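Report on one structure; see the data block that follows.
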Amino acid sequence: MKRANFRRGLRAWWYIVLFFLYAPLAIVVLFSFNSTRTYSTFQGFSLEWYFKLFANETIVSAIYNSLTLAIVSSILATVLGAVLGYGMFRYRHLKLGWLIWFIYLPLVMPDIVYGISQMTFFVQIHEATGLLKPGLLTMIIAHISFQIPFVALLVYSRLLQLDPLLFEATQDLYATPWQRAWYFIIPTLQAALISAFFLSFTLSIDDFVISFFTAGPESTTLPIFIWSAIKKGITPEINAISTLMIGAVFTAAAISYAIQRARLASNPSRK
Amino acid sequence: MTNSETMQAEAAEAEAKRQTDKPPDPYAEVRRNATGGKPREASAISLRGVQKHFPGGVVALEHIDLEIEAGEFFTLLGPSGCGKTTLLRILAGLEDATGGAVAVGGQDILRTPAHRRSVNTVFQSYALFPHLNVRDNIGFGLRMRGVDRDECQRRVDETAKFIKISDLIDRDVAQLSGGQKQRVALARALINEPDLLLLDEPLSALDAGLRSQLQVELSQTQQRLGMTFVFVTHDQQEAMVMSDRIAVMNDGRIQQVGPPEDIYERPANLFVARFMGHTNLFPVERTGDGSLDTPLGSLTGCGDCIGSHVLIRPETIELLPPEEAGDNRFRARILDRLYRGAFAEYQLECGDTRIAAIVSNRGQRQYDPGEHVALTVDSSGLVFLDE
Amino acid sequence: MSSLLAKRKSASGPGHWGQTTHLLGTIAPGILWIVFFLVLPSFYLMSIAFMSNGPYGLPELPLTLQSFRELAGFGFLGWSPGNLYTLARSVWQTLIATVLVILIAYPLAYYISTQPASRRPLMLLIVVVPSWTNQVIRAFGWMNIMSPDAPLSDLAASAGLISSEMGLFPSNFAVVLGLVYNFLPFMVLPLYASFERLDGEIVQAAHDLYARPINVFRHSILPQTLPGLMAGTVLVSIPAFGMYVIPELLGGGKSMMVGNLVASQFAEASNWPLGAAAALIMILATLGGLMVLRRLGQRLGGGKEVVL
């Protein structure tokens with residue numbers, strides 16, 4: 001009896017927390033379809049705000065900037081981070097532990113300190129040399145710096161799980177170092193590299209603070225646009241853009257879940 | 001077609017027929033299948049003064065000299081940490097020697113990187129590539145050397161047939177059992193027709209039944225291919241069953257090299273004797289009258305023997321009724337008798353000393369625990385040893 | 001002699017030079033990137049903390065500790081505790097938020113771990129997905145909910161908690177709520193991992209030994225989930241302390257945290273050295289917090305390996 005109550009309580013808790021987690025997002029989505037500007041009541045369904053949205057060139061270019069930033073930085077960070085992770089693994093006997101501290105640094109440093117240190121640095125460099133004008137380039141650089149550690153650690157931990165004899169087996173079977181990289185390391189790390197790329201991508205899309213401080217006037221991304229819009233005053237258009245981003249995230253989540261499911265179903269031995 | 005041409009053709013046909021009628025080399029076919037059609041000569045291996053010093057003063061190998069003959073099944077036997085695996089890795093090129101020379105088929109290979117050596121290894125954990133299926137695992141070495149896809153396919157099929165794993169060829173590595181993995185690892189190494197095949201305790205992860213089956217298979221495979229195998233193990237039974245010759249190693253040195261019978265029956269020193277499982281080892285002291293003083297009593301009839309210890313192999317001991325006293329006969333009490341089918345193993349006590357004896361169960365009198373016997377030592381079967 | 005010769009040969013043998021280039025080729029690009037674009041800027045920022053404030057808010061020589069004095073509240077107008085309040089508030093709000101997150105996440109993680117294995121990944125995904133949306137959007141959602149005319153504010157007003165024309169934000173309450181919302185998944189995931197590994201036999205043994213469920217919890221369940229709890233605490237409290245967006249959107253001037261103090265010195269107030277000094281204190285506090293948690297983790301016997 002007592003036990004059943006306990007179970008029921010837990011289940012209720014699960015639904016309460018779900019409500020808590022989804023209410024703010026649901027409100028945003030709901031009011032993006034509201035036909036009036038109030039927040040207290042839902043007056044009627046309308047797509048008015050979406051039409052206004054796509055008529056706004058700033059928003060379209062913000063979407064473009066966000067995607068460029070995320071894709072370019074994730075690709076470069078995956079390459080740089082994977083090579084670093086491999087190096088850390090390969091030369092782990094050389095007592096490179098202190099390197100790990102460099103790698104942990106961006107993981108531990110508060111976003112705001114990170115963003116501001118990048119900003120001050122880029123501003124100084126720009127003043128001294130004229131290079132690295134704040135804009136998409138500086139944002140990409142800043143994003144890569146915080147993505148590299150995640151990628152490197154992911155690749156490093158995957159390599160640690162492998163039988164070290166596998167590396168020797170490739171040598172034993174006549175693979176030159178390049179062949180080893182191409183026919184063994186990259187295929188073996190394929191899953192890790194893909195998830196590293198998606199992790200980098202999510203980190204980049206999710207980031208606001210670092211982008212905000214390294215951005216230039218031309219390189220507004222969606223979160224920055226939303227931020228400055230909120231600062232000017234809450235408007236239904238913000239609901240509409242936010243809904244688009246929420247929709248994108250949920251679609252991505254659903255796809256990744258479906259892929260995982262399919263893989264598990266097709267190959268039960270791999271897991 | 002002219003007459004002479006016809007005759008020539010007939011002659012060629014007859015010649016071909018004669019050749020096929022000739023009693024075939026029983027293993028030519030399998031050898032050709034396993035090696036892609038070109039049977040080749042096995043290679044001899046020669047190690048001279050090979051040493052390995054690790055930084056920090058740890059000596060893994062101390063001046064190893066070895067001659068391994070072409071087509072030999074050669075075993076490196078020793079306890080863990082004796083340097084046998086290090087030696088194997090030096091042969092494979094996975095570890096650099098700090099000194100010495102290694103020649104395979106007369107050519108020095110120490111400066112050749114692992115991926116250019118015609119040496120392949122069956123690893124202890126098998127090290128099958130998890131991202132490839134069985135077929136691609138076996139074909140990996142050929143692909144790396146630029147053999148084209150069709151040729152590779154054909155040879156993989158042949159080798160798989162030879163190792164009897166054709167039915168596994170499209171499986172994922174994760175779906176294989178331990179014994180199957182071992183066979184795939186063997187096929188993956190053999191297909192490259194190496195001058196030298198190295199096996200690093202490839203059977204140690206398997207259970208006892210499968211293990212003895214694969215011991216037989218492995219040595220048969222080696223005989224059929226005539227390839228040079230160097231096998232590493234810490235199991236003296238396994239070494240004796242499989243090897244043409246054994247090198248017993250300890251502390252980075254070779255203690256003894258020889259065929260299994262030599263190693264077992266005439267161990268070169270106390271370490272080898274103990275490692276081969278001998279327990280009847282007793283210190284000896286030479287007395288003034290030429291006899292030898294042992295814990296059992298005084299031994300005679302071996303005047304020119306030198307050594308601080310004597311080994312009395314249990315199968316050379318005879319048990320006689322206690323009243324038949326004489327030279328090299330000692331009064332002993334039976335502590336225990338273990339029935340082993342063809343023979344019986346006795347534990348005896350002679351004074352304060354324990355000794356084991358193995359006696360055939362055919363035509364011999366059996367004794368029960370508590371009985372006294374005259375333990376008879378055959379002085380010609382004694383082995384004298386030093387530390 | 002011959003061994004000496006052999007040693008020299010092997011040291012200069014093939015592959016040695018190649019190995020060094022390989023080492024540099026793999027380690028150097030990533031490390032140089034991080035050093036140049038991350039470590040160097042951080043050191044530069046820290047060095048700004050020891051410079052004087054120039055006329056346009058940009059740092060100048062000579063070196064001075066003036067910024068730290070200002071940070072402690074000694075301005076032209078005498079001493080004011082504003083900055084210290086901000087620091088204390090940051091610590092306090094982080095603490096409250098972390099405790100609340102633990103209280104919410106613990107039963108939730110347990111509940112998920114009791115579900116059929118096939119359903120668990122989906123449940124975890126459901127918990128995590130909201131945190132994949134941008135944090136600005138999430139904070140904005142709460143602004144909608146807590147705005148003056150929205151039902152939640154009306155409810156609070158009718159209960160007499162706030163006056164009717166005011167919303168629930170900006171307030172300390174809104175900031176803590178935002179922090180809890182933001183970091184909940186970071187606690188659920190490691191806790192779930194601990195629950196999944198929970199040894200049922202130990203729990204069963206504890207049931208046999210102790211009559212009261214509270215003792216079963218204390219002596220068998222809690223110790224086994226401690227590693228997850230510690231990991232979650234690190235993942236929640238460290239970034240919560242450095243939070244910028246949530247206090248900025250959901251809190252006002254009276255709910256500022258250190259992150260906002262830092263940012264405001266680089267934006268509106270234009271006093272880089274003061275902002276840098278605050279940033280330095282923030283980094284030190286973060287490292288100090290990590291150290292404390294690590295110690296605590298070791299003391300409690302849980303997860304050395306999980307707390308960094």
Side-chain angles (χ1 to χ4, degrees), chain A residues 78 82-83 85-86 89-97 154-197 259-260 262-271, chain B residues 54-55 85 88-89 91-95 112-133 136-147 152 171-176 181 184-185 187-194 196-202 205:
Chain A
T78 304
V83 172
Y86 177 68
F89 168 76
R90 185 66 204 282
Y91 298 101
R92 62 195 181 288
H93 60 279
L94 291 181
K95 307 267 180 300
L96 298 171
L154 207 79
V155 167
Y156 178 69
S157 61
R158 176 77 188 100
L159 286 169
L160 277 185
Q161 289 166 9
L162 291 177
D163 180 355
L165 286 178
L166 287 172
F167 292 87
E168 306 197 328
T170 61
Q171 275 179 285
D172 190 67
L173 294 165
Y174 313 104
T176 63
W178 287 109
Q179 282 179 320
R180 177 173 61 201
W182 186 250
Y183 291 103
F184 170 63
I185 297 171
I186 293 177
T188 309
L189 289 179
Q190 195 185 34
L193 291 176
I194 291 174
S195 46
F197 174 82
I259 291 175
Q260 226 177 348
R263 213 197 259 163
L264 264 175
S266 74
N267 196 348
S269 67
R270 284 248 173 101
K271 189 74 196 186
Chain B
F54 282 112
T85 297
L88 194 82
R89 289 169 58 81
L91 288 173
L94 300 171
E95 196 106 50
T112 314
H115 66 268
R116 293 211 206 100
R117 290 190 190 182
S118 180
V119 173
N120 288 109
T121 310
V122 177
F123 293 93
Q124 186 168 13
S125 63
Y126 312 133
L128 299 178
F129 300 118
H131 67 293
L132 300 176
N133 65 11
D136 293 335
N137 259 287
I138 297 176
F140 192 86
L142 295 181
R143 299 286 298 143
M144 290 306 109
R145 288 194 293 179
V147 174
C152 190
R171 292 249 186 109
D172 246 7
V173 167
Q175 296 169 312
L176 302 179
K181 280 186 186 163
V184 173
R188 185 176 74 172
L190 284 179
I191 196 172
N192 304 297
E193 314 158 38
L196 171 60
L197 187 80
L198 306 173
L199 302 105
D200 186 6
E201 309 217 14

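The model shown is predicted, which means the values in this text are computed figures rather than measured ones. Proteins come first, then strands; the chains are lettered A, B, ... in the order of their sequence lines, and each starts at number 1.
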Checklist line | Check: B/Pro113 and A/Gln171 side chains under 4.5 Å, non-hydrogen atoms | finding: no
Check: In terms of heavy-atom proximity below 4.5 Å to chain B, should A/Asp172 be classed as side chain, backbone, both, or neither?
Finding: both
Check: Side chain, backbone, both or neither: which part of B/Arg117 has a heavy atom under 4.5 Å from chain A?
Finding: backbone
Margin query: Determine whether a donor-acceptor pair (N or O, by modelled atom type, separation under 3.5 Å) exists between the side chain of B/His131 and the backbone of A/Tyr183.
Written below: yes
Notebook entry, point to check: Can you check whether A/Pro187 reaches B/Leu132 side chain to side chain, under 4.5 Å on heavy atoms?
Noted result: no
Margin query: Measuring only between side-chain heavy atoms, which start at C-beta, is A/Leu173 closer than 4.5 Å to B/Phe129?
Written below: yes
Checklist line | Pairwise side-chain contact, B/Phe140 with A/Tyr174, heavy-atom cut-off 4.5 Å (strictly under) | finding: no
Notebook entry, point to check: Rounded to the nearest 0.5 Å, what separation is found between the CE atom of B/Met144 and the CZ atom of A/Phe184?
Noted result: 11.5 Å
Note to self: Heavy-atom pairs under 4.5 Å with chain A: which of B/Gln124, B/Arg116, B/Arg188, B/Arg143 has the most?
What the structure shows: B/Arg188
Margin query: Given heavy-atom pairs under 4.5 angstrom as the criterion, report whether the side chain, backbone, both or neither of A/Phe167 touches chain B.
Written below: neither
Check: Which bit of B/Leu198 comes within less than 4.5 Å of chain A, counting heavy atoms only: side chain, backbone, both or neither?
Finding: neither
Notebook entry, point to check: Hey, does A/Glu168 have a side-chain heavy atom less than 4.5 Å from the side chain of B/Arg89?
Noted result: yes
Notebook entry, point to check: Counting heavy-atom pairs under 4.5 Å to chain A, which of B/Leu142, B/Leu128, B/Thr121, B/Asn120 comes out on top?
Noted result: B/Asn120
Notebook entry, point to check: Which heavy atom in B/His115 sits nearest to a heavy atom in A/Pro177, and how many Å separate them?
Noted result: CE1-CD, 3.8 Å
Note to self: So which atom in A/Leu166 and which in B/Ala127 form the shortest heavy-atom distance, rounded to 0.1 Å?
What the structure shows: CD2-O, 3.3 Å
